[in-house]
Structure formats: structure tokens, C-alpha cells
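Here the structure comes first, spelled out in C-alpha cells, and everything after it is commentary.
As the structure lists them, so they are numbered: ligands from 1, and atoms in each ligand from 1. Since we're looking at a predicted model, the values are computed, not measured.
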Amino acid sequence: MNIFAKSLLSKSQSGQRMFASVVRNKLEAKIVEQQKVFSAFKKEHGNTKIGEITVGSVCGGMRGMAGILYETSKLHPIQGINYREKDLYEIKEQAPRAEGGREPLPEGVLWLLLTGEFPNEQELKEFQSELYQRGHLSKDEERLIQAFPKDMHPMTQFSMGVMACQPNSKYAKAYRDGVHKSKYWETTLEDALDVCAKVPRIAGLVFNNSYGHGKPMPDQDPSLDYSANYARYLGIEDKNFSELMRLYLVLHAYIYFIFINFISDHEGGNVSAHATHLVGSTLADPYLSFAAGMNGLAGPLHGLANQECLRFLLDFQTKYGTKWTEHDIRDYVRDTLASGKVVPGYGHAVLRQTDPRFMCELEFANHYIHDDNLVNLVKACYRVIPDALAQTGKVSNPWPNVDAGSGALLMHYGLNQFDYYTVLFGVSRALGVMSAQVWSRALGLPIERPNSLTLNHLMKKVKNEL
Ligand code: HAX
């Protein structure tokens with residue numbers, strides 16, 4: 001165990017806080033400042049209109065409706081995902097990396113999501129040790145997860161695994177003990193960091209339970225970073241796979257950091273982020289909220305798109321073999337469209353150009369992967385499919401999204417358990433939604449309670465009869 005882990009542990013043994021979180025002090029001053037800004041803003045602009053709700057918004061799943069204050073993320077139609085006003089290219093360039101590595105460290109990005117800044121070298125080291133300490137599960141928790149039926153869907157196991165750790169919630173205990181509401185954020189931060197630290201282990205146990213064929217689960221290794229430990233739990237020791245995990249966990253956290261931002265779509269509005277936020281608004285603890293988000297992520301219209309994409313590519317290979325041409329791709333896309341299906345991995349509800357997350361994946365593939373037929377197919381699709389989709393005349397964005405490439409990269413390293421892919425997504429998502437929850441508590445956001453209408457009611461409203 002390294003020196004920082006020891007110092008954190010000794011603090012707990014001497015009866016102080018469980019963990020002397022290094023990020024807490026950074027956050028406190030920012031939170032106090034932001035609470036003032038928020039309070040003044042609400043007072044001044046509480047009645048200012050910022051948009052219109054149409055019948056289409058009400059009937060169409062609230063699309064485009066600004067209705068959530070979500071502190072940590074923003075999706076721009078052109079730039080793509082920004083985390084704390086930094087786009088992905090800036091993040092890739094500025095984020096701390098592992099020694100000898102090229103990809104951003106998720107720990108550094110979690111710090112950025114929480115504080116709006118990257119940690120310095122010392123802060124990062126301490127934060128990594130802190131996460132290592134927080135990442136342990138008790139023997140009972142591990143046994144419970146390993147006792148789940150092996151054929152239970154990995155996402156069900158993952159959500160239940162998070163719930164198995166919920167009795168540790170420091171926020172729930174503080175709430176029961178009557179903590180003042182101005183202090184809710186402190187134990188929410190504790191739980192949020194615990195959840196982020198534990199999810200790779202929970203996800204690793206799920207993987208081991210489902211696909212490990214009785215192999216022992218490796219322990220956490222303090223000499224490895226967050227992603228390399230996770231890669232180890234998945235049984236893939238290739239160092240480049242750890243790099244892929246670093247990139248993957250950063251790309252799917254999905255959060256954009258802009259203070260005081262009214263956002264409606266892919267930031268706080270996507271189902272897993274919104275479900276976490278909604279449940280959290282009841283003052284449910286972060287474990288309960290995060291598990292709710294994961295249940296949403298498990299839905300076919302949300303977290304399963306990358307599997308659909310991979311299936312699309314593999315079905316193509318089944319049909320055309322490995323000696324395909326770009327002409328074959330064109331035919332295959334034409335047949336897909338003619339059969340009334342969408343081309344998975346292409347298009348986006350908000351973005352209007354190639355998803356920068358896809359570009360990061362492509363750049364990873366160009367650097368690390370050579371001569372992989374499936375990866376070459378992803379690249380060829382990028383050359384062919386946008387044109388084919390644009391020719392339909394109706395697709396708003398014919399360019400690839402994040403899901404177009406990720407499955408092929410995972411397959412390259414031997415991670416071919418499709419049902420597990422959403423769990424990887426879930427681990428990454430924890431970084432985004434948990435940091436957002438800290439800010440929601442810090443700003444004292446209220447319980448969410450929109451109005452619902454019956455169709456009859458709505459019909460009367462449009463005729464001004466109500
Ligand atoms: N293939 C074929 N048709 C497509 C298409 C695609 N990839 N993308 C859009 N279209 C079609 C739509 O189905 C729609 O057709 P109809 O008018 O006949 O209904 C028309 O083009 C206009 O749709 P749009 O405005 O371009 O797109 P939407 O905002 O309605 O939908 C989707 C955005 C991402 C759902 C859509 O592009 C799609 O289905 N893509 C394929 C599935 C996919 O890759 N999903 C993962 C998205 C990444 C993500 O957000 N992950 O969380």
C-alpha cells in the first residue's frame with residue numbers, strides 16, 4: 001500500500017472522518033460561492049421565461065424542453081460533449097495520464113467534473129489513493145454479488161450489486177441523525193466518491209460471476225490505477241486494454257460542466273442521468289439514485305445501442321466474410337434502410353457532426369490497433385455510411401456517434417460478452433451522474449414534480465377551454 005493510502009487509513013483509525021477526502025476542500029469554497037450565485041439568480045429571474053412548452057413536447061417525451069438544472073454537463077450540437085466547458089479534444093490534451101499512457105485518466109476527469117479544474121500531480125496521487133481505499137467491498141458484499149444467478153443479466157446484477165452496498169450510505173446515516181440541510185452535500189460527496197470507487201469492483205464481480213467459470217476474483221492492486229484495476233477484473237492484462245478502458249470510461253461519463261445551465265437533452269436529460277437526478281431529488285441517497293439510473297441505462301433504447309452496432313458489423317461480416325468492399329457496405333446499408341431499420345451507430349438527437357467521442361475512438365484505433373478486420377470495417381463504414389444516409393434526405397445527422405466504434409474496440413481485446421457492455425457504460429456513467437448529484441445537493445435543488453395531463457385535458461387546453 002502506498003504512502004497516501006496509509007495516511008488516509010490512519011486518519012480513519014484515529015477516529016476522524018472515514019476518509020479525509022482531498023477533493024472536499026477544493027469543493028467547499030466553490031460550493032459556497034455557487035450557492036450565492038444560484039440564490040441571487042433565482043431571486044432575480046424566477047419569473048423570466050426561457051422557452052415554450054408545446055403539445056409536441058408534452059406528447060413527445062419532453063424532448064427539447066428545458067426543465068432540469070444540471071450542473072455538470074452540456075452537449076453542443078457542433079462541439080459535442082463538453083465537460084466543464086472543455087471539449088473532448090481539450091480533455092484528451094490536458095487531462096492527467098498514466099505513466100507512459102496517452103489516454104486521459106478517469107480519476108482526473110472525475111476531479112474535473114466535481115471542481116471544474118484538473119488536479120495537480122500531488123492532488124491526483126492522493127485522489128487515486130483515496131479512491132483505492134474507498135473501492136473495497138466487504139466480504140459479505142462480495143459474497144452476495146457472487147451468489148447472484150450466473151445467467152441473471154449483468155445489468156440486473158450490477159444494479160443489485162450497487163444496492164448491496166447501500167447500507168454503507170453515509171448520507172442516509174447523516175440524514176437519519178438530523179444533519180442540517182446545508183451540509184447534505186458533504187455526505188453526498190462521501191457517498192458519490194464511494195460509489196465511483198466501488199463500481200469497477202462491483203462490475204468486476206459481476207463479470208467474474210457471469211463469465212469467470214469459477215476463476216478466483218483478483219484483489220484490487222494498489223499499484224494500478226482505477227482503469228487498470230478494472231481491466232484486471234475483466235481478465236485482460238494487455239496494457240493497451242487499460243488504455244482503452246481509460247478512454248472508454250471518460251467518453252461515456254457524458255457530462256459537460258457548465259455552472260448554472262438549463263439543459264434538456266443529453267446532459268442531465270438522458271434517461272440514466274435524469275433517473276439518477278429524479279430519484280436523488282427525493283433526497284434518496286446516492287446508491288439508491290445511481291441504481292435507479294442504471295435500471296434506466298439497461299433499457300434497449302438507451303444503453304444497448306453499442307451492442308446493436310456491433311451486431312450490425314458482425315452480421316455484415318457473416319454475410320460478406322472478411323474480404324468485403326466498400327461497395328458491399330453500400331449494398332448492406334441500402335438493404336438495412338429498405339427493411340425499415342436504422343443504421344446503428346449513426347445519427348444523433350442533438351449533435352450535427354461526427355461525434356468527437358467517435359473521433360477519439362478512431363484515433364485510439366489508428367494508434368493501437370493494426371490489421372483488425374472488424375476495426376477496418378468501422379473505418380470503412382465511416383467513409384461510406386454518411387453519404388448513404390445523407391441521400392435519404394431525412395436524416396438530420398448522418399455522421400457516426402460514440403457507439404459506432406466502441407464495440408469493435410472491445411472485441412479486439414477479447415471482450416466479446418455483449419450483454420456485459422452496458423455495465424462498462426454504467427461504470428463510466430457513475431463519474432458523471434454522481435458528481436452531478438453532489439452539486440444538486442449543494443444547490444439544494446427541490447424534489448422534481450412536473451405536472452401531468454390527460455389527453456382530454458390537453459385537448460381542452462389547446463382550445464382554451466381550460
Ligand atoms: N439510420 C436510418 N435512419 C435514420 C438514422 C440512422 N442511423 N438516424 C436517423 N434516421 C431517420 C429517423 O429514423 C427519422 O426517420 P422517420 O422520419 O422515418 O422517423 C429521420 O431519420 C429523422 O431522424 P433524426 O432527426 O435524424 O434523428 P432523431 O433525433 O429522431 O433520432 C437517433 C436520433 C440517434 C435515435 C437516430 O439517429 C438513430 O436511430 N440512430 C441509430 C441508432 C443509434 O445509433 N443510437 C445511439 C445514439 C447515440 C446515443 O445517444 N447513445 O446514448
Side-chain angles (χ1 to χ4, degrees), residues 56-57 59-65 73-82 88 155 248-256 263-276 293-294 296-313 315-316 329-361 378 381-382 384-408 410 418 421-429 432-433:
S57 338
C59 301
M62 297 192 277
R63 280 198 183 210
M65 254 170 72
S73 82
K74 183 73 190 109
L75 181 61
H76 189 276
I78 303 301
Q79 291 174 350
I81 293 286
N82 274 224
L88 276 179
M155 274 306 279
Y248 188 99
L249 296 181
V250 166
L251 294 187
H252 291 78
Y254 234 30
I255 310 285
Y256 226 32
I263 293 159
S264 61
D265 195 74
H266 259 76
E267 307 87 352
N270 72 77
V271 169
S272 53
H274 188 198
T276 305
M294 291 303 96
L297 190 68
L301 294 186
H302 190 15
L304 296 196
N306 56 5
Q307 289 168 48
E308 288 303 309
C309 254
L310 188 53
R311 200 158 284 126
F312 176 85
L313 298 173
D315 287 351
F316 173 89
I329 300 176
R330 246 173 241 116
D331 286 350
Y332 189 61
V333 168
R334 190 199 53 223
D335 294 349
T336 304
L337 295 174
S339 65
K341 293 186 201 142
V342 294
V343 178
Y346 283 76
H348 202 278
V350 180
L351 269 174
R352 292 296 172 257
Q353 65 155 22
T354 297
D355 191 331
R357 296 171 298 175
F358 174 80
M359 294 310 291
C360 290
E361 291 169 350
V378 168
C381 284
Y382 182 36
V384 171
I385 293 178
D387 258 359
L389 285 180
Q391 277 168 24
T392 66
K394 64 173 183 180
V395 180
S396 315
N397 169 16
W399 301 104
N401 58 55
V402 66
D403 295 319
S406 55
L410 296 171
F418 291 7
Y421 286 3
T422 320
V423 177
L424 292 169
F425 198 158
V427 171
S428 170
R429 189 50 55 101
V433 300

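The N/O atoms of Lys341, backbone and side chain alike, include none that comes under 3.5 Å of an N/O atom in ligand 1. Considering backbone and side-chain N/O of Arg352, none are found under 3.5 Å from N/O of ligand 1. Residue-to-ligand polar distances keep Val342 apart from ligand 1: every N/O pair is separated by 3.5 Å or more. Considering backbone and side-chain N/O atoms, His302 never comes within less than 3.5 Å of an N/O atom of ligand 1.
Applying the salt bridge (charged side-chain N to carboxylate O under 4.0 Å, His left out) definition to pairs two or more places apart or across chains, those involving residues 298-309 are Glu308-Arg311.
With hydrogens and angles disregarded, a donor-acceptor distance shorter than 3.5 Å links the side chain of Asp355 to the backbone of Val402. Side-chain atoms of His302 come within 3.5 Å of backbone N or O of Ser272 as a donor-acceptor pair.
Shown here for Leu310 and Ala408, the closest heavy-atom pair between the two residues is CD1-N, 3.9 Å.
Residue contacts with ligand 1, taken as heavy atom pairs separated by less than 4.0 Å, involve His348 via backbone and side-chain atoms alike.
Residue Ala305 approaches ligand 1 through these ligand atoms, each under 4.0 Å from one of its heavy atoms: 45 (N), 46 (C). Distances below 4.0 Å separate heavy atoms of Leu337 from the following atoms of ligand 1: 2 (C). Those atoms of ligand 1 with a heavy atom of Gly347 less than 4.0 angstrom away are 34 (C), 37 (O).
The heavy atom nearest to atom 44 (O) of ligand 1, out of those in Ala404, Pro400, Gly345, Pro386, is found in Gly345. Among Val402, Thr336, Asp403, Leu389, the residue whose heavy atom lies closest to atom 46 (C) of ligand 1 is Asp403. Checking Val395, Asp355, Asn401 against atom 5 (C) of ligand 1, the nearest heavy atom belongs to Val395.
Within the model, atoms NE2 of His252 and OG1 of Thr422 stand 10.0 Å from one another, a figure rounded to the nearest 0.5 Å.
A heavy-atom distance below 4.5 Å is found between the side chains of Phe358 and Tyr382.
Ring pair Tyr332/Phe312 is tilted by interplanar angle, where 30° to 60° counts as tilted.
No side-chain donor from either of Tyr421 and Ser406 sits under 3.5 Å from a side-chain acceptor of the other.
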